[in-house]
Number of protein chains: 2
Amino acid sequence: MTTAQNECVDRYKARCLMQERNLFGRLQAAALASRTQAKRLLRSIGDLSITEWRVLWDLAEAGPLTVTEMASIQRTDHALISRTIPAMIEKGYVATTTGQTDRRTSLVALTPAGQSIFDETSVIMSRRRAALSDVFSEADLDAFLGLIDRFEQFVEDPISLRPATGGTE
Amino acid sequence: MTTAQNECVDRYKARCLMQERNLFGRLQAAALASRTQAKRLLRSIGDLSITEWRVLWDLAEAGPLTVTEMASIQRTDHALISRTIPAMIEKGYVATTTGQTDRRTSLVALTPAGQSIFDETSVIMSRRRAALSDVFSEADLDAFLGLIDRFEQFVEDPISLRPATGGTE
DNA sequence: AAATATTATGTGACTTGTCACGTAAAATAA
DNA sequence: TTATTTTACGTGACAAGTCACATAATATTT
């Protein structure tokens, strides 16, 4: 092998090592791997998408909710939930009623069929959470959540990057 | 307000609190917030997509790379990169040559124009990483990365969820 | 050498997520 | 009351990511 080729391989490996400590990339990759695992689990049981499962879960745990409430619980965009509801109505998992006090909102509620799908799916999904608790103690979880809190705070702050000073100022 | 309404609100709030400690959801939300911040930063400078920026960065740091190598560095799917290359060639940021020793591969390299875009963008993006270092010490980072390692290991293990025992067996 | 397996890349179809916009209802200011 | 602002929801357009498949080149086995 030529010297030039060796140099290329070395630069590639150095780059891999460098990116292993890039928090942005690592967090992204971990979250995506988690999503992929959830997707596979759901597919192995039935044909729920992740968004559909999260809607079922929220409704089963907290009763009828509006789109905005579910988006808030799931820390996601309302558009995602708004879009998934029609398909779930079609499948007969949920039903909507216009809000009594606020006619802008539509309360989404679980149907018996939805409850039954939730019950089936819930077995596997809670097993996943239980398996995670085996690997992460409460103390680990607290530490992890604390770091995530700080990271989220950093990443949601639009001002922190503006000054070119780099100091505390 | 009626008792029934109060009960609904309480269940909603309880659900929010519960999901605050759901590692899967929190990690997902943090990663998405990070991606959104990066997207906004990139948009404030020019019109690079996140994938395009990551390609430029890898090429600037590690010289000409194949699609598979970049996917490996970025811990992402090769399809994502494969799809973004034609647009970058169109813009004149990169050029491809068929691999010398392996004619299946195509080596992607930065053009002078690509280098120049990278230099401009790099200023802002490294400021972001520097700002993160201000918030997370090396020790914090080590702890965070350690937890992410363990989480990834859990989430990439297809077997760990199969047994219904729930214990160590 | 011939047959087989593996690997690198590209691509269609789909899900997830973001953004910007429009509409209607509600809340607030005038 | 009227005008203005805010909020809830839906939707089109796009970026990001996954999966499965096709193809061609390489590596391995026989």
Side-chain angles (χ1 to χ4, degrees), chain A residues 12 24-25 27-44 47-55 65-72 74-89 96-108 155-156 158, chain B residues 24-25 27-44 47-55 64-72 74-89 96-108 155-156 158:
Chain A
Y12 164 66
F24 300 111
L27 215 52
Q28 178 77 3
L32 288 177
S34 161
R35 198 178 72 175
T36 299
Q37 185 190 46
K39 197 195 288 184
R40 285 191 184 143
L41 282 176
L42 287 173
R43 170 174 279 198
S44 77
D47 70 335
L48 286 179
S49 75
I50 290 184
T51 310
E52 286 172 340
W53 158 246
R54 287 197 291 227
V55 167
L65 295 167
T66 67
V67 169
T68 304
E69 283 171 333
M70 284 188 276
S72 156
Q74 298 176 22
R75 294 162 183 262
T76 185
D77 197 285
H78 75 94
L80 208 52
I81 302 184
S82 181
R83 253 188 258 276
T84 213
I85 298 293
M88 296 185 72
I89 294 176
T96 57
T97 52
T98 303
Q100 295 287 317
T101 56
D102 185 342
R103 292 213 324 267
R104 286 172 305 181
T105 67
S106 79
L107 267 184
V108 184
V155 102
E156 277 164 4
Chain B
F24 300 111
L27 215 52
Q28 178 77 2
L32 289 176
S34 162
R35 198 179 73 176
T36 299
Q37 186 191 45
K39 196 196 288 183
R40 284 188 185 145
L41 282 175
L42 287 173
R43 170 174 281 198
S44 76
D47 70 335
L48 286 179
S49 73
I50 290 183
T51 310
E52 286 171 341
W53 158 247
R54 287 196 292 225
V55 167
L65 295 166
T66 68
V67 170
T68 303
E69 282 171 333
M70 284 189 275
S72 155
Q74 298 175 22
R75 294 163 183 263
T76 186
D77 197 286
H78 74 93
L80 208 52
I81 302 184
S82 180
R83 256 188 256 275
T84 215
I85 299 293
M88 297 184 73
I89 294 175
T96 57
T97 51
T98 302
Q100 296 287 317
T101 54
D102 184 342
R103 292 212 325 266
R104 285 172 306 181
T105 68
S106 81
L107 265 185
V108 184
V155 104
E156 278 165 4

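Chain naming here is simple, since letters A, B, ... match the order of the sequence lines and numbering starts at 1 in each.
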List the protein contact pattern of nucleotides 19-27 of chain D with one symbol per nucleotide (5' to 3'): B for base contact, S for sugar-phosphate-only contact, - for none; contact means a heavy-atom distance under 4.0 Å. BS----BS-
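- Taking atom CD1 of residue Ile50(B) and atom C1' of nucleotide dC14(D), one finds them 13 Å apart after rounding to whole Å.
- Going from atom CD of Glu52(B) over to atom C1' of dA15(D) covers 10 Å, rounded to whole Å.
- Residue Arg75(B) is out of contact with every strand shown, counting any heavy-atom pair closer than 4.0 Å.
- In terms of phosphate contacts, Arg54(B) brings no side-chain nitrogen or oxygen within less than 4.0 Å of OP1 or OP2 of dA15(D).
- Under a 3.5 Å cut-off, the side chain of Ser82(A) and the backbone N or O of Ala79(A) do not form any donor-acceptor pair.
- As rounded to whole Å, 16 Å separates atom C1' of dC14(C) from atom CG of Leu42(A).
- Contact check, Thr76(B) against dA16(D): no side-chain N or O comes under 4.0 Å of OP1 or OP2.
- Among the heavy atoms of the strands lying under 4.0 Å from Leu80(B) is at least one base atom, whether or not backbone atoms are also near.
- Nucleic acid contact for Glu69(A): none, since no nucleic acid atom lies under 4.0 Å from a heavy atom of the residue.
- The Ser82(A) side chain lies nearest to dT11(D) when the options are dG17(D), dA8(C), dT11(D).
- Distance Leu41(B) CG to dC19(C) P: 12 Å, rounded to the nearest Å.
- In this structure, the CE atom of Met70(B) is 14 Å from the P atom of dA8(C), given to the nearest Å.
- For dA8(C), neither phosphate oxygen OP1 nor OP2 lies less than 4.0 angstrom from any side-chain nitrogen or oxygen of Thr66(B).
- Remark: Gln28(B) is in phosphate contact with dG17(C), judged by side-chain N or O atoms under 4.0 Å from OP1 or OP2.
- One distance of note links CZ of Arg43(A) with OG1 of Thr36(A); it measures 11.0 Å at 0.5 Å rounding.
- Side-chain N/O atoms of Thr51(B) include one lying less than 4.0 angstrom from OP1 or OP2 on dA16(D).
- Of the residues near DNA chain D, Arg35(A) and Ile85(A), the one whose nearest nucleotide (by heavy atom distance) lies more toward the 5' end is Ile85(A).
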